[in-house]
Amino acid sequence: MEKIKSIGIMGGTFDPIHYGHLMVASCAVEAFGLEKVFFVPSRIPPHKMNQQITSPEMRYEMTLLATMDNPWFSVSRVELERNGMSYTVDTIKYFQSEFPDYRIYFITGADTIVEIVSWKAPEELFAMTYFITAARPGYSFSGLQNEFYQRYKDKIAILEVPELAISSTGIRRRVKMGKSIKYYLHPLVEAYISKHQLYR
Ligand code: NAP
């Protein structure tokens, strides 16, 4: 039987990208035999409309710096080049047309997966893609017990990743407080944040 070829899509605001994101993507490559993970920085994340975020180009550059030493990782500009809100359903349609013979996995964290029901065209999204949901060991996933997620339970895979309580919000807060962010993210991203005086 022919092996199913698969790619992963790791969408995010990546403000900034950190070791949590990279660890999840790397565990997904190993567990699902993904040929590639495309990191897709959002231009205008629909759920962060009222938040001040770093410019799309700077978040893109940080994502490039963080991923360029891993041959399984690539960074896509698809959402940066698209006008309007960055809806995941449009991004998945793009990858489906580029990789028609591939199974597409959208990689998310545990908090994100339970929000998908409120995203644009969730049914269409589940028809096109599988989801890999990263969880710390022991995470309960009680938010997936409702009727919507039960309908698509065969398309949601749970991936246990080592405990990593790193978050972009926490990193921004540490920079503002003048604390070190060494070991939270890639050293090239740390240097970029310092050079451009981000999050001060
Ligand atoms: P983000 O904060 O940059 O994080 C990207 C992903 O990494 C999230 O799923 C996040 O999960 C996960 N993550 C971060 N730190 C982690 C850690 N230490 N361990 C494990 N997982 C970790 O991205 P975001 O702003 O939430 O956006 C996620 C994606 O959802 C983007 O592609 C965005 O465009 C998309 N989205 C689409 C719509 C729509 O189409 N209507 C609406 C909202 C979001 P958790 O946040 O779950 O921890």
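Read the numbers this way: they start at 1 and go in the same order the structure lists the ligands and their atoms.
Listed by first and then second residue, the side-chain hydrogen bond (donor to acceptor under 3.5 Å, both in side chains) pairs that reach into residues 27-44 are E35-Y102, S42-E79, sequence neighbours excluded. Residue pairs meeting the salt bridge (charged side-chain N to carboxylate O under 4.0 Å, His left out) criterion with at least one partner in residues 144-157, sequence neighbours excluded, are E123-R151, E147-R151.
Here D90 pairs with K120 in a salt bridge; the nearest charged N to carboxylate O distance falls below 4.0 Å. A salt bridge is defined here as a Lys NZ or Arg NE, NH1 or NH2 lying under 4.0 Å from an Asp or Glu carboxylate O, and R77 with E57 meets this definition.
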Just distance, no hydrogens or angles: give the donor-acceptor pairs under 3.5 Å from side chains in residues 107-118, sequence neighbours left out.
| residue | atom | partner | partner atom | Å |
| --- | --- | --- | --- | --- |
| D111 | OD1 | Y139 | OH | 3.2 |
| S118 | OG | E115 | O | 2.7 |

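Sorted by chain then number, the residues whose non-hydrogen atoms approach ligand 1 to under 4.0 Å are M10, G11, G12, T13, F14, H18, G20, H21, V24, S42, P46, H47, K48, S86, Y87, T88, F106, T108, G109, A110, D111, T112, W119, K120, R136, L164, I166.
Counting only distance, with no hydrogens or angles, the side chain of S86 and the backbone of I44 share a donor-acceptor pair below 3.5 Å.
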